[in-house]
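One structure below.
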Number of protein chains: 2
Amino acid sequence: MVDSTDRIIIKCLEENARTSFAELGRMVSLTPSSVRERVKRLEDSGVIRKYTIEVDSAQLGFGMEAFIVVKLRSGTLKSFTSLIDTWDEIQEAYRITGEHNIQMRVVLKDQLHLQSFIDEMLKYGDPTTSLILSKVKA
Amino acid sequence: MVDSTDRIIIKCLEENARTSFAELGRMVSLTPSSVRERVKRLEDSGVIRKYTIEVDSAQLGFGMEAFIVVKLRSGTLKSFTSLIDTWDEIQEAYRITGEHNIQMRVVLKDQLHLQSFIDEMLKYGDPTTSLILSKVKA
DNA sequence: GCTGAAAACGAACCGCT
DNA sequence: AGCGGTTCGTTTTCAGC
């Protein structure tokens with residue numbers, strides 16, 4: 001379903017999601033029309049989930065970034081996941097295996113903000129916080 | 001430096017990084033030229049780090065996704081970080097505070113692949129793995 | 001699945017305010 | 001910072017292979 005040409009296109013779009021079909025075509029020796037058809041297929045089949053940007057949240061006033069894993073108390077999973085969209089601090093969240101049930105990456109203004117967010121998490125389970133010092137890859 | 005108009009533009013681009021300047025202009029009541037200038041400023045100042053896509057790695061043959069945190073042995077940090085770009089499994093990696101030094105998200109073909117990757121990590125420190133069950137947000 | 005051509009649209013550039 | 005005009009490139013669509 002996904003051939004080597006598609007894989008090149010995907011890699012280019014991972015590098016720069018605004019690459020034109022014309023330029024993608026130059027990379028894979030196809031016309032813009034053909035590339036367009038392939039990209040459409042990749043979108044429709046869900047291989048390409050989303051076109052997005054990576055943002056420096058520090059410059060938006062969120063100088064603190066952290067991973068928080070939560071061990072939810074029994075019975076709180078459903079209410080927790082239904083609330084997850086309401087917490088703006090959460091950039092991404094995953095259900096995971098192991099000691100904890102949820103892993104999240106959060107952005108926060110400062111220590112006080114972190115404290116209040118942890119307090120919120122304590123309503124549902126047992127959170128463990130690791131501050132992010134720097135991004136080492138991608 | 002970043003006003004409320006910029007914030008709207010950023011949010012739109014997070015939703016769809018291929019939104020045209022023309023359409024962004026409609027959202028914030030500015031001409032395409034003005035939006036272009038703002039976006040350029042956001043790029044140059046590093047607020048917008050990258051235009052990228054989110055991909056369904058399962059459909060690319062990597063059916064297993066995991067978070068791995070590593071507690072590096074003393075002295076191995078530098079060699080580890082210099083090698084980080086050579087491991088294709090690692091989608092993103094961060095230096096973090098706490099018990100472990102490195103947090104990564106990795107994609108893998110299957111259990112055997114996971115095993116060999118963990119073996120690789122064992123050369124540098126003590127890895128702990130949590131499989132990703134599903135993405136709950138964003 | 002890929003191509004090529006036409007029409008529509010958007011991006012880039014620049015002078016102006 | 002924002003605007004509008006020109007030019008140029010890109011996207012879209014579609015008939016044809």
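Lettering of chains follows the sequences in order, A, B, ..., and the numbering in each one begins at 1.
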Is any NZ, NE, NH1 or NH2 atom of the basic residue among A/K135 and A/E65 found under 4.0 Å from an Asp or Glu carboxylate oxygen of the other? no
With a 4.0 angstrom cut-off to heavy atoms of chain B, pull out the first and last contacting nucleotide of DNA chain D, in 5'-to-3' order. D/dA1 to D/dT11
What verdict does the side-chain contact (heavy atoms from CB on, under 4.5 Å) test give for A/E92 and B/R105, after you've listed the backbone C-alpha separation in whole Å, the side-chain angles of each residue and the deciding distance to 0.1 Å? CA-CA 12 Å; A/E92 27 177 11; B/R105 182 172 60 81; 5.6 Å; no
Distances under 3.5 Å only, N/O to N/O: pair up the protein atoms with those of nucleotides 10-14 of chain C.
from: C/dA11; atom 1: OP1; to: B/F21; atom 2: N; distance (Å): 3.2
from: C/dA11; atom 1: OP2; to: B/F21; atom 2: N; distance (Å): 3.2
from: C/dA11; atom 1: OP2; to: B/A22; atom 2: N; distance (Å): 3.4
from: C/dA12; atom 1: OP2; to: B/R36; atom 2: NE; distance (Å): 2.6

Any salt bridge (Lys or Arg N to Asp or Glu O under 4.0 Å) involving residues 106-124 of chain B? Give me the pairs, sequence neighbours left out, ordered by first then second residue. B/E120-B/K123
For B/D44, salt bridge (charged side-chain N to carboxylate O under 4.0 Å, His left out) partners two or more places apart: B/K40
For residues 29-36 of chain B, tabulate all N or O donor-acceptor pairs below 3.5 Å that involve a side-chain atom, not counting sequence neighbours.
from: B/T31; atom 1: OG1; to: B/S34; atom 2: N; distance (Å): 3.4
from: B/T31; atom 1: OG1; to: B/S34; atom 2: OG; distance (Å): 3.1

Counting neighbours of NZ on A/K71 that are heavy atoms of other residues, nucleotides or ligands and sit closer than 6.0 Å, is the number greater than 12? no
Using a heavy-atom distance cut-off of less than 4.0 Å, which residues of residues 38-52 of chain A contact DNA chain C? A/R38, A/R41
Hits for side chain to side chain contact (heavy atoms under 4.5 Å, CB included) against A/E43, two or more places apart or cross-chain, chain-then-number order -> A/V39, A/I48, A/Y51
Look up atom CZ in B/R18 and atom CD1 in B/I53, then write down how far apart they are to the nearest 0.5 Å. 9.5 Å
Apart from A/F117 itself, members of its ILVMFWY cluster (side-chain separation under 4.5 Å) are A/M64, A/I68, A/V70, A/L72, A/L77, A/F80, A/L83, A/I84, A/W87, A/I90, A/I102, A/M104, A/V106, A/L108, A/L114, A/I118, A/M121, A/L122, A/Y124, A/L131, B/V136
Not counting sequence neighbours, which residues clear side-chain hydrogen bond (donor to acceptor under 3.5 Å, both in side chains) with A/R95? List them please. none
Please tabulate, for the side chains in residues 4-13 of chain B, all donor-acceptor contacts under 3.5 angstrom to protein atoms that are two or more places apart in sequence or on a different chain.
from: B/D6; atom 1: OD1; to: B/R38; atom 2: NH1; distance (Å): 2.9
from: B/D6; atom 1: OD2; to: B/D3; atom 2: N; distance (Å): 3.4
from: B/R7; atom 1: NH2; to: B/V2; atom 2: O; distance (Å): 3.3

Terminal axis angle for the helix from C/dG1-D/dC17 to C/dT17-D/dA1, five pairs an end, nearest 10 degrees: 40°
Output every pair passing ring-ring contact (aromatic ring centres under 6.0 Å, His included) with a member in residues 52-71 of chain B, not counting sequence neighbours, ordered by first then second residue. A/Y94-B/F67
Taking OP1 and OP2 of C/dT3, is either one under 4.0 Å from a side-chain nitrogen or oxygen of A/S34? yes
